Amino acid sequence: MSAPMNLEKVFVREVQRNDSEILQINQCEVGDVGCVVWDAAIVLAKYLESHDFHRGNDLVDKAVVEIGAGTGVVGLMAASYGAMVTITDLEEFVPLMQLNIDTNKHLCRHPVQAKELKWGSELKREFSHVDIVLVADCIYYEESLEPLLKTLDDLCGNDTCIYCCYEERTTDNKPELQRKFLHMVEKIFSVEKIPLHRQDEQFCSEDIHILKMTRLRLS
Ligand SMILES: C[S@@+](CC[C@H](N)C(=O)[O-])C[C@H]1O[C@@H](n2cnc3c(N)ncnc32)[C@H](O)[C@@H]1O
């Protein structure tokens, strides 16, 4: 068991947008893995600003859900570009997500929601139409793979697009886990890997991958 999160002991990570606006993301000194910003979240957040992303997507007024959001930085970046965003995680993260929403609300066109969404659980009606699902650094333990896939499947209609960013790790069973997850995903979704040259020039890395996934169409 990890120690409970303490919102009195936070430290801020600033994430600068390309237009120099700054997202202030509170992270906790003590707590479970989601209480800090992971590199995959920065890579995905900055990709949302890229020319490549904007060629195919306009975030304004789009319904966006971030799952396993932790601090919520990726969803907040989307909200700062005009999306209607719900950031979700386990219940214990709702206060941290809410703190980050409150800290950054002046940058957001629509009020951002912080909600509990445990992977594999039945979805509430509020998630019935989603344009974009954001996922950063959520492929990391065996028991979560099936529930995570169920949640992605449940959130996605035919036109929903998932952006899933993960860091390739070489320790323990991580390579095997990631391979297994990709294998499972490819049965339901068509998967496109976004090459490095289409990502943010500075915030990208050989070992961090962004996958764009849409529901497979039956022909
Ligand atoms: C490595 S952290 C990544 C956090 C954030 N996306 C980032 O990249 O900075 C993984 C996140 O997944 C969440 N998570 C793990 N298992 C979960 C589950 N069963 N349902 C919902 N969220 C879960 C954790 O609470 C944590 O916030």
Side-chain angles (χ1 to χ4, degrees), residues 1-7 10-15 23-48 64-79 85-101 103-104 112-124 126-127 130 132-155 162-169 171-174 177-178 181 184 199-200 203-205 207-211:
M1 278 288 278
S2 65
M5 222 178 293
N6 180 353
L7 288 190
V10 294
F11 59 108
V12 172
R13 167 113 191 221
E14 294 194 336
V15 179
L23 293 164
Q24 307 260 1
I25 304 298
N26 299 282
Q27 311 174 95
C28 293
E29 282 180 17
V30 179
D32 211 339
V33 285
C35 73
V36 291
V37 173
W38 290 78
D39 288 348
I42 298 292
V43 167
L44 184 54
K46 292 300 290 180
Y47 176 67
L48 297 182
V64 173
V65 175
E66 182 180 8
I67 64 168
T71 62
V73 61
V74 187
L76 284 165
M77 178 66 91
V85 178
T86 306
I87 53 181
T88 71
D89 203 295
L90 299 172
E91 188 181 13
E92 69 194 90
F93 284 91
V94 173
L96 176 62
M97 295 191 291
Q98 190 58 55
L99 175 64
N100 283 324
I101 291 170
T103 308
N104 294 285
V112 179
Q113 312 287 323
K115 294 269 160 76
E116 176 190 7
L117 200 177
K118 184 171 182 198
W119 304 332
S121 62
E122 288 309 310
L123 283 190
K124 305 215 170 92
E126 64 211 76
F127 298 111
V130 180
I132 296 172
V133 180
L134 301 170
V135 196
D137 213 344
C138 287
I139 312 168
Y140 67 103
Y141 67 107
E142 173 87 41
E143 310 77 65
S144 73
L145 300 187
E146 278 190 18
L148 176 57
L149 187 61
K150 171 175 163 43
T151 292
L152 292 176
D153 192 15
D154 290 351
L155 282 169
I162 302 171
Y163 290 90
C164 174
C165 185
Y166 68 98
E167 181 167 347
E168 204 176 303
R169 296 200 169 89
T171 51
D172 308 324
N173 65 341
K174 296 292 184 297
L177 262 184
Q178 293 177 342
F181 185 71
M184 288 160 70
Q199 301 180 26
D200 183 273
F203 295 95
C204 66
S205 166
D207 58 1
I208 297 183
H209 307 293
I210 303 178
L211 305 177

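Numbers for residues simply follow the sequence, beginning at 1. Atoms within each ligand, like the ligands themselves, are counted from 1 in listed order. Here the structure is a predicted model, which means the values were calculated and not measured.
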| note | The ring pair (Phe, Tyr, Trp, His ring centres under 6.0 Å) partners of Phe93 (sequence neighbours excluded) come to none
Pairs of nitrogen or oxygen atoms, one from ligand 1 and one from the protein, closer than 3.5 Å: please tabulate them with distances.
from	atom 1	to	atom 2	distance (Å)
ligand 1	6 (N)	Gly68	O	2.7
ligand 1	6 (N)	Ala136	O	2.8
ligand 1	8 (O)	Ala136	O	3.3
ligand 1	9 (O)	Trp38	N	3.0
ligand 1	16 (N)	Tyr141	OH	2.7
ligand 1	19 (N)	Tyr141	OH	3.4
ligand 1	20 (N)	Trp119	N	3.0
ligand 1	25 (O)	Asp89	OD1	2.6
ligand 1	27 (O)	Asp89	OD2	2.6

| said: If the threshold is 4.0 Å, N to carboxylate O, is there a salt bridge linking Arg169 and Glu167? | reply: yes
| query | Strictly by modelled atom types, are Asp39 and Ser205 linked by a side-chain donor-acceptor pair under 3.5 Å? | reply | no
| What residues, two or more places apart in sequence or in another chain, satisfy salt bridge (charged side-chain N to carboxylate O under 4.0 Å, His left out) together with Asp154? | Lys150
Check residues 40-48 and write down every donor-acceptor pair under 3.5 Å in which the side-chain atom is one partner and the other belongs to a residue at least two apart or another chain.
from	atom 1	to	atom 2	distance (Å)
Lys46	NZ	Gln16	O	2.7
Lys46	NZ	Asn18	OD1	3.0
Lys46	NZ	Glu49	OE1	2.7
Tyr47	OH	Asp52	OD2	2.5

| For Glu126, does the CD atom sit with more than 12 other heavy atoms under 6.0 Å from it, leaving out its own atoms? | yes
